Amino acid sequence: MTQTPVSPLAGITLAGDDKVVPFHVAPLDTRGRAVQLGDMLNTILDRHQYPPAVAALLGEAIVLTVLLGTSLKFEGKFIFQTQSNGPVSLLVVDFRFPGYIRAYARHDAEAVAEAVKAGRAAPHELLGQGFVAMTIDQGPHTQRYQGIVELNGISLEEAAMQYFRQSEQIPTVVRLAAAEIMTPAPGGGFQHRWRAGGLLAQFLPVAPGRMRTPDLPGGDLPFGAQEPDFGEPDDAWVEAQALVETISDDELTDPQIGAERLLYRLFHEHGVHVFGGAQVEDKCSCSQEKIVDVIRSLPEPDRAEAMADGEIITTCEFCGTTYRLTETDLA
């Protein structure tokens with residue numbers, strides 16, 4: 001009698017695209033989040049028509065921001081921003097609670113094309129030298145918290161891990177990937193879709209001393225300072241980190257795998273608990289009222305200079321919405 005094998009995920013409702021899946025591996029004292037981005041990411045990147053290398057880089061930044069922002073337990077914002085001297089001089093990604101994302105990149109098209117032609121289009125090469133700032137904003141009447149990491153030839157994955165070592169003293173491993181997928185079009189030919197995925201895992205044992213990362217004097221390390229060596233990490237964390245580092249880029253972006261299947265592949269020998277996914281979506285926070293407030297705050301000479309044929313025209317860099325404001329709107 002032939003038996004049909006039962007999938008280990010049978011009966012589980014899979015989160016699918018654009019939902020962050022929290023997970024816990026108890027034997028390894030490891031917690032984290034995994035995500036695959038599909039339509040939401042594709043909408044953002046197609047809106048701006050970036051060169052593929054720039055789109056892939058911004059895709060990684062969006063995944064990282066989603067993984068970090070969805071840890072917020074309050075109605076605030078998490079802001080990821082790079083400033084650097086490379087062909088891509090600026091990346092900005094805003095996460096607003098409970099799951100709204102907006103993002104854009106500023107780049108030199110000619111410099112990007114030259115970098116691609118010369119084979120120097122890896123993420124760290126497009127960014128160059130500079131810094132990445134990660135800001136937590138809890139809203140009015142609260143103080144912002146900001147961690148800064150120097151960009152000196154490191155990837156966004158490495159920048160995120162360094163951020164947690166410096167600012168949170170939490171052992172962390174991050175994997176990010178973005179890819180342009182070509183699929184057959186209904187009427188013939190092919191159509192492209194952007195996809196991205198990522199996984200963040202952290203070592204959070206019950207006994208904090210096992211982390212072997214004591215508090216640093218004064219919190220963050222000085223900008224550009226070298227990190228101290230705290231010795232060998234815990235064996236459980238060594239194993240968890242090694243498992244996460246086996247993830248391929250294809251596994252992070254393949255729609256046939258998904259977050260739950262990927263987590264099962266990594267941690268099935270120890271048992272992994274997954275929790276309900278948190279939805280993320282492309283949603284800008286701009287509005288005519290906000291634009292009016294900004295323009296009203298400008299000195300009168302600057303407002304007059306911006307006015308042409310009786311109106312001020314401004315376009316949101318995030319969503320591309322154009323606002324036309326007249327003197328009546330600003331009155």
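Both backbone and side-chain heavy atoms feed into the values below; hydrogens, waters and symmetry mates do not. As the structure is a computational prediction, the values presented were derived from the model and not from experiment.
- No donor-acceptor distance shorter than 3.5 angstrom exists from the side chain of E311 to the backbone of A308, with no hydrogens or angles considered.
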Residue pair T70, F95: steps toward the side-chain contact (heavy atoms from CB on, under 4.5 Å) verdict:
CA-CA 8 Å; T70 48; F95 174 95; 3.7 Å; yes

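- In summary, of the residues considered (R144, K77, Q143, Q146), a side-chain hydrogen bond (donor to acceptor under 3.5 Å, both in side chains) with D137 occurs for R144 alone.
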Walk me through whether L204 and D29 qualify under side-chain contact (heavy atoms from CB on, under 4.5 Å).
CA-CA 6 Å; L204 296 168; D29 289 311; over 6 Å; no

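- Between E157 and R175 a salt bridge is recorded (basic side-chain N to carboxylate O distance below 4.0 Å).
- Residue-environment remark: CZ (R31) stays at or below the threshold of 12 foreign heavy atoms within 6.0 Å.
- Shown here are the ring pair (Phe, Tyr, Trp, His ring centres under 6.0 Å) partners of H124, two or more places apart in sequence or in another chain: there are none.
- Residue D282 forms a salt bridge (charged side-chain N to carboxylate O under 4.0 Å, His left out) with just one option from R96, R102, R47, and that option is R47.
- Under the 4.0 Å criterion applied to side-chain N and carboxylate O atoms, R195 and E180 are not assigned as salt-bridge partners.
- Residues E251 and R261 are not paired through a salt bridge, judged by the lack of any N-O separation under 4.0 Å between the basic side chain and the carboxylate.
- Of the possible polar contacts, none joining the K19 side chain to the G276 backbone as a donor-acceptor pair under 3.5 Å is found.
- Under a 3.5 Å cut-off, the side chain of D18 and the backbone N or O of L37 do not form any donor-acceptor pair.
- Taking the six-membered ring for Trp and thresholds of 30 and 60 degrees, Y104 and F318 have ring planes more than 60 degrees apart, a perpendicular arrangement.
- Taking hydrophobic clusters as Ile, Leu, Val, Met, Phe, Trp and Tyr residues chained together by side-chain heavy-atom distances below 4.5 Å, I154 shares a cluster with V88.
- In this structure, Y50 and H48 have parallel ring planes: the angle between them is below the 30° cut-off, well short of the 60° mark.
- Side-chain atoms of Q162 and Q166 include a donor-acceptor pair closer than 3.5 Å.
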